[in-house]
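Heavy-atom basis, side chains included; hydrogens, waters and symmetry copies ignored. Throughout, numbering of the chain's residues begins at 1 and tracks the sequence. Bear in mind the structure is a predicted one, so any value in this text is a computation, not a measurement.
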Amino acid sequence: MKKQLTELQNYLSQNGYDAAYVSNPTDINYFTGFYSEPEERILALLVFPDKDPFIFAPQLEVEAAKKAGWDKDVFGYLDHENPFELMAGHIKDAAGTPAKWSIEKDHLSVDKLESIKSQFPDAEFPGNLSRYMENAKLIKTNEEIEKLKAAGAEADYAFEVAFNAIKAGRTEQEIVAEIEYAMMKKGVMHMSFDTIVQAGANAANPHGGPEKNALVPNELVLFDLGTIHEGYISDASRTVAFGKPDDKSLDIYKVDLEANLAAMDAAKPGITATELDKVARDVITNAGYGEYFIHRLGHGMGTSEHEFPSIMEGNDMVLKPGMCFSIEPGIYIPHVAGVRIEDCVYITEDGCEPFTHTSKDLKYID
């Protein structure tokens, strides 16, 4: 059984919990090596302090779970059956009638929780497994870091494809299609999130998607992308120059790059998340663009692109070796331009190392 599962069983035992209900697909993958997005169906990992865990899944996923390497029980259900009634039977067979549960309160819907309660009316659900997961996944192992490095290398290849795809008249959406097609040909069948390509003023919307916006020369073009490698993700942003952008856009880029590099240099054990955020934010504020840096400096990453911790003002968590997170200062001036330069990094004994290595010197593309 995986070390992570043994640690979860210890957590249950130490806190007097009789069962854990893991519902988040990325967390199920973390413990089992099996990933599936069940949509409206029910997928869960049931863990007990002193009994073998099991996966409960749609019948059409049972063989896939076994193929993924899970060597404990996998119980399935058919669409016309009551999944919670069947699941309750398997829980009672394995561990009796659990009275005290820990659940992922950030993920489990009210409807599904009520369905569990209908099968175990005397049970209590005081444990918040979401907080446990934050800390369990906070410090990455060497094996996890190697997978993150591999995902980073895939992202570097995606940037190479992306830059080569820039041509006048081609739309943001067409470039996304070319990137993702190239990645599929390379064997990367899923990106870690929807690939973002934004040109010119469109990039001033930091969470905007690619549009039917045709590229024209003399603009900045922003790329934000990532891949999934054996369950671990990459996430990186680069902004390049198509032709020769105006002086304002070039200044924005210069300042944002300075902020990124300053934070990369400052990221090391002992600094707090709020202090690291301030390093980058001060660079941007002192250059006169503070009001246009409108999000946190970074977020944790690992099996998903947004994990614990947040690198932001007010978070006094001290950074430690093995923590992985993004450093992504951004400057977004409406109707003018947007720039984001992002690397995900891991903290070492005396600094940090990025997972992606595509150059951050401003690249000019004719």
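Hydrophobic cluster membership differs between V240 and L220, with clusters built from Ile, Leu, Val, Met, Phe, Trp and Tyr side chains linked at under 4.5 angstrom. In the hydrophobic clustering of ILVMFWY residues, with side-chain heavy atoms under 4.5 Å counting as a link, F75 and L5 come out apart. Cluster membership for Y35 and F31, using ILVMFWY side-chain heavy atoms within less than 4.5 angstrom, is not shared. Grouping the Ile, Leu, Val, Met, Phe, Trp and Tyr side chains by contacts below 4.5 angstrom, directly or via other members, places I233 apart from L225. Follow the hydrophobic side-chain contacts under 4.5 Å out from Y292 and you never reach M312; the two are in separate clusters.
For the pair E104 (side chain) and S23 (backbone), a donor-acceptor distance under 3.5 Å is present. For the pair K2 (side chain) and Y30 (backbone), a donor-acceptor distance under 3.5 Å is present.
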Are E114 and K117 close enough, and set up right, to give a salt bridge (Lys or Arg N to Asp or Glu O under 4.0 Å), and what steps lead you there?
CA-CA 5 Å; E114 289 178 345; K117 287 181 175 180; over 6 Å; no
For the pair K3 and E7, evaluate salt bridge (Lys or Arg N to Asp or Glu O under 4.0 Å) and give the outcome as yes or no after the intermediate values.
CA-CA 6 Å; K3 174 175 174 283; E7 291 173 348; 2.6 Å; yes
side-chain hydrogen bond (donor to acceptor under 3.5 Å, both in side chains) between S249 and D246: does it pass, once the steps are laid out?
CA-CA 6 Å; S249 296; D246 60 63; 3.3 Å; yes
Start with the C-alpha distance between T272 and D277, add both sets of side-chain angles, then the distance that settles side chain to side chain contact (heavy atoms under 4.5 Å, CB included), and finish with yes or no.
CA-CA 9 Å; T272 66; D277 179 278; over 6 Å; no
Begin from the C-alpha positions of S326 and D235 and carry the test side-chain hydrogen bond (donor to acceptor under 3.5 Å, both in side chains) through to its verdict.
CA-CA 8 Å; S326 67; D235 178 7; 5.5 Å; no
Worked check of side chain to side chain contact (heavy atoms under 4.5 Å, CB included) between L276 and F325
CA-CA 12 Å; L276 185 57; F325 52 85; 3.8 Å; yes
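Here the side chains of Q59 and Y77 are not in contact, with every heavy-atom distance at 4.5 Å or above. For the pair L8 and L129, the minimum side-chain heavy-atom distance is below 4.5 Å. Within the 4.5 Å cutoff, side-chain heavy atoms of Y364 are placed close to those of L362. Using a 4.5 Å heavy-atom cutoff, the side chains of D350 and K268 are not in contact. Using a 4.5 Å heavy-atom threshold, the side chains of P329 and L297 count as touching. Using a 4.5 Å cut-off on side-chain heavy atoms (C-beta onward), D256 and T239 make no contact. Taking the side chain as every heavy atom from C-beta outward, I175 and T171 never approach each other to under 4.5 Å. For the pair E180/T195, a side-chain contact is recorded, criterion being any heavy-atom separation below 4.5 Å from C-beta on.
When only modelled atom types and interatomic distance are considered, S13 and N10 share no side-chain donor-acceptor pair under 3.5 Å.
Remark: of the listed residues V345, D265, D343, L319, V345 is the sole one forming a side chain to side chain contact (heavy atoms under 4.5 Å, CB included) with C352. Just one of Y17, F48, F120 meets the ring pair (Phe, Tyr, Trp, His ring centres under 6.0 Å) condition when paired with W101; it is F120.
Between K140 and G302, the closest heavy-atom pair is CE-CA, 3.8 Å. Closest non-hydrogen pair, N205 versus Q198, comes out as O-NE2, 2.8 Å. Residues F163 and I365 come closest through the heavy atom pair O-CD1, 3.7 Å. I28 approaches A44 most closely through the heavy-atom pair CD1-CA, 4.0 Å. For F54 against L45, the heavy-atom pair with the smallest separation is O-CD1, 3.4 Å. Among all heavy-atom pairs drawn from S237 and R340, the shortest one is OG-NE, 3.3 Å.
Of the inter-residue distances, the one linking S192 atom OG with H190 atom NE2 reads 12.0 Å to the nearest 0.5 angstrom. The structure places CG of D224 at 9.5 Å from CD of E305, a figure rounded to the nearest 0.5 Å. The distance from atom CD of E37 to atom CD of E39, rounded to the nearest 0.5 Å, is 5.0 Å. If you take OG on S130 and NZ on K105, they are separated by 9.0 Å, rounding to the nearest 0.5 Å. Atom OG of S304 sits about 7.0 Å away from atom CG of N24, to the nearest 0.5 Å. Between the CD1 atom in I91 and the CE atom in M87 there is a gap of 6.0 Å [rounded to 0.5 Å].
Taking the six-membered ring where the residue is Trp, H295 and F293 present perpendicular rings, their angle passing 60° and hence far from 30°. Aromatic ring pairs are classed by plane angle as parallel below 30°, tilted from 30° to 60° and perpendicular above 60°; the pair H90 and F56 is tilted.
Taking the charged nitrogens against the carboxylate oxygens, E154 and K186 have no contact shorter than 4.0 Å, which rules out a salt bridge.
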